[in-house]
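Every value quoted in this text rests on a predicted model; they were computed, and no experiment measured them. If you read the sequence from its start, that first residue is 1, and numbering goes on from there.
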Amino acid sequence: MSAPFESTKVHVTRLDQVVCVALRGELDFEDAEDVEAAWAAADRAGAPTTAVDLSRVEFADSMLLNALLDAQRRHAATDRTFVLLGPLNASVARLLEVTGTLEHFTIQNAASQKTT
């Protein structure tokens with residue numbers, strides 16, 4: 001499937017029942033519009049699962065944290081699954097740990113996923 005949304009740092013694709021939002025680089029307030037567009041694309045796709053690949057995110061601030069929490073709430077409200085894919089960069093892991101939000105997310109290392 002072609003990407004329903006793509007920017008320099010954000011790429012959204014759908015494969016069967018999963019929407020994948022791949023984020024990369026340094027994400028801050030300037031990227032908020034692109035991240036919100038990615039969530040909107042995931043919502044429009046209506047897939048039961050959204051997987052957010054954070055493995056190539058080098059830096060993130062409160063903008064991304066708030067966007068992830070908002071997306072998590074939106075998915076829970078519509079009985080959809082929201083998963084973060086890693087491994088997480090140390091600065092991203094620290095952001096989640098320091099803010100006490102790490103336990104609010106399901107995090108899986110992409111390298112440990114098996115395809116069937």
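When side chains are defined from C-beta on, V21 does not count as touching T13, because their heavy atoms never get closer than 4.5 Å.
In this structure, R14 and A45 approach most closely via the heavy-atom pair NH1-O, 2.7 Å.
Residues satisfying the side chain to side chain donor-acceptor pair (under 3.5 Å) criterion with S62, sequence neighbours excluded, are absent altogether. Listed by chain and residue number, nothing satisfies the side chain to side chain donor-acceptor pair (under 3.5 Å) test with R56 (two or more places apart in sequence, or in another chain). Partners of D31 by salt bridge (charged side-chain N to carboxylate O under 4.0 Å, His left out), not counting sequence neighbours, listed by chain and number: K9. D61 is linked by a side chain to side chain donor-acceptor pair (under 3.5 Å) to nothing, counting only residues two or more places apart in sequence or in another chain. With sequence neighbours left out, the side-chain contact (heavy atoms from CB on, under 4.5 Å) criterion links T81 to T49, V83. Take E36 and apply the side chain to side chain donor-acceptor pair (under 3.5 Å) test, not counting sequence neighbours, and it matches R74.
Interatomic distance, CG of L54 versus CG of N89, reported as 10.0 Å (0.5 Å rounding). Rounding to the nearest 0.5 Å places CG of L65 at 5.0 Å from CG of L95. Note that the CG atom of D53 and the SG atom of C20 stand 5.5 Å from one another [nearest 0.5 Å].
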### Query
So V52 and W39, side-chain contact (heavy atoms from CB on, under 4.5 Å) or not? Walk me through it.
CA-CA 10 Å; V52 182; W39 299 157; 3.8 Å; yes

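Tested against L84 for a side-chain contact (heavy atoms from CB on, under 4.5 Å), the candidates T50, T106, L68 yield a single pass: L68.
Legend: side chain to side chain donor-acceptor pair (under 3.5 Å) pairs involving residues 96-105, not counting sequence neighbours, sorted by first then second residue: T99-T101. Within the structure, every pair that satisfies the salt bridge (charged side-chain N to carboxylate O under 4.0 Å, His left out) test and touches residues 76-93, not counting sequence neighbours, is listed here: D43-R80. The stretch residues 42-76 participates, sequence neighbours left out, in these ring pair (Phe, Tyr, Trp, His ring centres under 6.0 Å) pairs: H75-F82.
Residue V18 is not grouped with residue V12 when hydrophobic side chains (ILVMFWY) are merged at heavy-atom distances under 4.5 angstrom, including chains of intermediate members. A single hydrophobic cluster is seen to contain both L102 and M63, as judged by linkage of ILVMFWY side chains at heavy-atom distances under 4.5 Å, directly or through other members.
Not one N or O on the side chain of R94 forms a donor-acceptor pair closer than 3.5 Å with the backbone of L96.
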